Asks: 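Take this structure first; my questions come after.
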Amino acid sequence: MPAPIDRAALKRLQQESPKLKELVEAGDWSTLRTKTAELKARATAQGIDSAYLAWCAAIAHHELGEPTEAVEAICHAARLDPVHPAITRAFRDVCRGARTRLCDEPTGSALVPALYAQLSRIGETDLACHLAMAHHQLEQGEVAAATTLVDAVVLVAPSNLEARALRRHLAQVTEDPNAARFEAMADDVEARQPFGVPGVRGRC
Amino acid sequence: MITYADARMSRLFDVAGRASEELHEKQHQRSLASFREVTARLEGVGLTSGWAAWGTAVNLDRLGDLAMAFETIQASLRLDPLSPSALRSFEVIANRLREAIANAAPTDASVPTLYGLLQQTDDADVPTHLAMVRHLAATKQLERAAALAEAVTLLAPASRDAWLARANVARLGGDEAGAAGFEAEARVRELDELPLAPITTKGKGA
């Protein structure tokens with residue numbers, strides 16, 4: 001039988017938790033992160049797992065540029081309350097932020113495979129993430145893995161210029177006898193590329 | 001009173017105003033005809049309009065001609081890639097295309113056409129790819145179906161549906177052991193939590 005909740009402790013938590021929202025509104029992310037962690041530890045001690053606290057943590061990590069922690073926290077929040085509008089909105093923002101960070105990281109950064117694995121696990125990668133990961137694999141000398149990934153991207157998104165260019169580069173690196181074919185395909189795709197349509201957003 | 005130095009322009013603005021009113025009143029067939037007239041008159045005087053293409057695309061979409069609507073909204077974006085209404089309509093039409101392909105019968109001949117359209121703009125998503133896998137399998141193009149299913153499971157390993165589609169293709173090809181393996185992968189996803197991602201209707205993801 002679980003230990004009974006300390007009602008006085010719960011009341012204190014309930015009095016303090018609305019202040020986190022004030023920190024969100026004030027944009028005081030560092031204090032939000034610290035205060036949320038403190039309240040979370042106290043809530044956990046009472047056997048309370050709060051979606052609201054997880055949401056606050058996710059927002060703080062997201063704004064402080066800590067994408068892996070942000071994704072972890074927002075996933076936790078979504079598990080606890082998957083239909084809460086604030087959580088679903090934050091889920092989108094946090095995942096978008098993580099994707100952007102993954103793609104902007106310098107090739108070779110350990111954050112790339114970490115974020116890629118995390119986003120992949122929750123089905124939130126897109127074509128740009130796959131290509132960033134392929135670049136990372138290439139940088140790490142994992143040419144076969146990069147080629148497998150890029151081949152899959154080219155198959156599902158044959159109009160993607162970056163994928164074609166990377167495939168062509170991989171063909172040159174590996175001295176693939178089909179390199180000329182990839183050159184021709186890349187040129188063809190470039191000629192047919194639609195103008196004005198919003199950029200790559202393939203969501204596989 | 002608003003006057004125009006050129007009678008052709010005066011007439012053009014009359015038709016454009018009417019096209020807009022008809023669209024607002026949801027008289028899509030008439031509005032489409034009016035927008036087309038606007039476009040033709042513009043061409044006659046050597047002009048173009050992203051707005052006219054947008055109106056044409058919206059009407060085509062409402063009338064159910066998704067393929068033409070998608071082509072036309074791209075034409076609108078070529079003319080004004082920053083127009084918020086064109087960008088929004090692009091998302092709406094792309095969503096409808098994705099929905100149409102995902103709900104199409106596997107043997108529906110429109111599937112490859114719609115899939116090709118979405119691929120042109122990198123707008124295909126996992127359910128779209130899987131609809132194409134089903135189509136390829138149903139039309140006995142098993143090698144292509146297997147290759148596409150394999151690519152989707154590589155790129156979207158969290159998708160239970162993708163593993164099931166791959167298993168189905170393997171089974172159709174007589175690879176019972178492979179099918180069982182892919183079904184096992186699907187079961188792993190079954191035991192996992194449901195996907196956390198909210199249903200992002202783009203225009204609405206990702």
Side-chain angles (χ1 to χ4, degrees), chain A residues 71 74-80 82-85 87-92 94-96 99 117-131 133-134 145 148-163 189 192-204, chain B residues 50 70-71 73-83 86-87 90-91 94 98 115-130 132-133 144 147-162 189 192-200 202-206:
Chain A
V71 171
I74 200 62
C75 286
H76 188 61
R79 276 181 217 114
L80 294 171
V83 293
H84 193 300
I87 291 172
T88 56
R89 203 163 41 240
F91 189 98
R92 273 195 288 269
V94 165
C95 289
R96 190 182 306 123
R99 282 193 291 268
Q118 201 178 25
L119 289 171
S120 213
R121 214 161 34 238
I122 58 172
E124 281 293 321
T125 49
D126 62 7
L127 295 183
C129 294
H130 297 309
L131 293 176
M133 184 62 190
T148 304
L149 196 51
V150 176
D151 276 343
V153 174
V154 168
L155 185 66
V156 301
S159 299
N160 190 291
L161 273 179
E162 197 193 336
V189 167
R192 288 189 289 112
Q193 195 69 2
F195 171 79
V197 170
V200 173
R201 71 157 65 84
R203 313 163 192 142
C204 196
Chain B
F70 197 58
E71 298 279 8
I73 198 64
Q74 289 183 62
S76 174
L77 282 167
R78 276 195 292 278
L79 292 166
D80 185 355
L82 305 182
S83 160
L87 287 166
F90 178 85
E91 292 299 340
R98 281 190 286 268
Y115 184 67
L117 284 173
L118 285 168
Q119 276 197 319
Q120 274 172 22
T121 58
D122 277 351
D123 266 284
D125 61 3
V126 171
T128 310
H129 295 306
L130 297 182
M132 187 62 187
V133 169
R144 286 183 63 199
L148 187 54
E150 184 182 351
V152 178
T153 52
L154 178 73
L155 299 175
S159 168
R160 174 179 170 270
D161 291 348
R189 272 77 193 176
D192 279 352
E193 299 149 36
L194 283 168
L196 292 167
I199 297 164
T200 46
K202 243 207 125 207
K204 107 188 164 179

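Since we're looking at a predicted model, the values are computed, not measured. Below, chain A is the first sequence line, B the second, and so on; all start at residue 1.
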Asks: If you compare all heavy atoms of B:A158 against all heavy atoms of A:G123, which two are closest, and at what distance to 0.1 Å?
Replies: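 It is CB-N, 3.8 Å.
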
Asks: Ignoring hydrogens and angles, tell me if any N or O in the side chain of B:Q119 forms a donor-acceptor pair with the backbone of A:P158 under 3.5 Å.
Replies: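 Between the backbone of A:P158 and the side chain of B:Q119 there is no qualifying donor-acceptor contact (under 3.5 Å).
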
Asks: Measure across A:L155 and B:A147 and return the closest heavy-atom pair with its distance rounded to 0.1 Å.
Replies: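 Closest pair (atom of A:L155, atom of B:A147, distance): CD2-O, 3.3 Å.
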
Asks: Does A:T125 reach the side chain of B:L155, with side-chain heavy atoms less than 4.5 Å apart?
Replies: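 Side-chain contact under 4.5 Å: no.
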
Asks: If you compare all heavy atoms of B:A151 against all heavy atoms of A:V156, which two are closest, and at what distance to 0.1 Å?
Replies: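 So the two residues come closest at CB-CG1, 4.1 Å.
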
Asks: Which bit of A:V154 is near chain B, if near means a heavy-atom gap under 4.5 Å: side chain, backbone, both or neither?
Replies: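 Neither; nothing under 4.5 Å.
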
Asks: With side chain to side chain contact (heavy atoms under 4.5 Å, CB included) as the test, pick out the partner of B:D122 among A:L161, A:L127, A:V153, A:D126.
Replies: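 In the set A:L161, A:L127, A:V153, A:D126, the residue that makes a side chain to side chain contact (heavy atoms under 4.5 Å, CB included) with B:D122 is A:L127.
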
Asks: Measuring heavy-atom distances to chain A, does B:A75 have an atom under 4.5 Å in its side chain, in its backbone, in both, or in neither?
Replies: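 Nothing of B:A75, per the 4.5 Å heavy-atom cut-off to chain A.
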
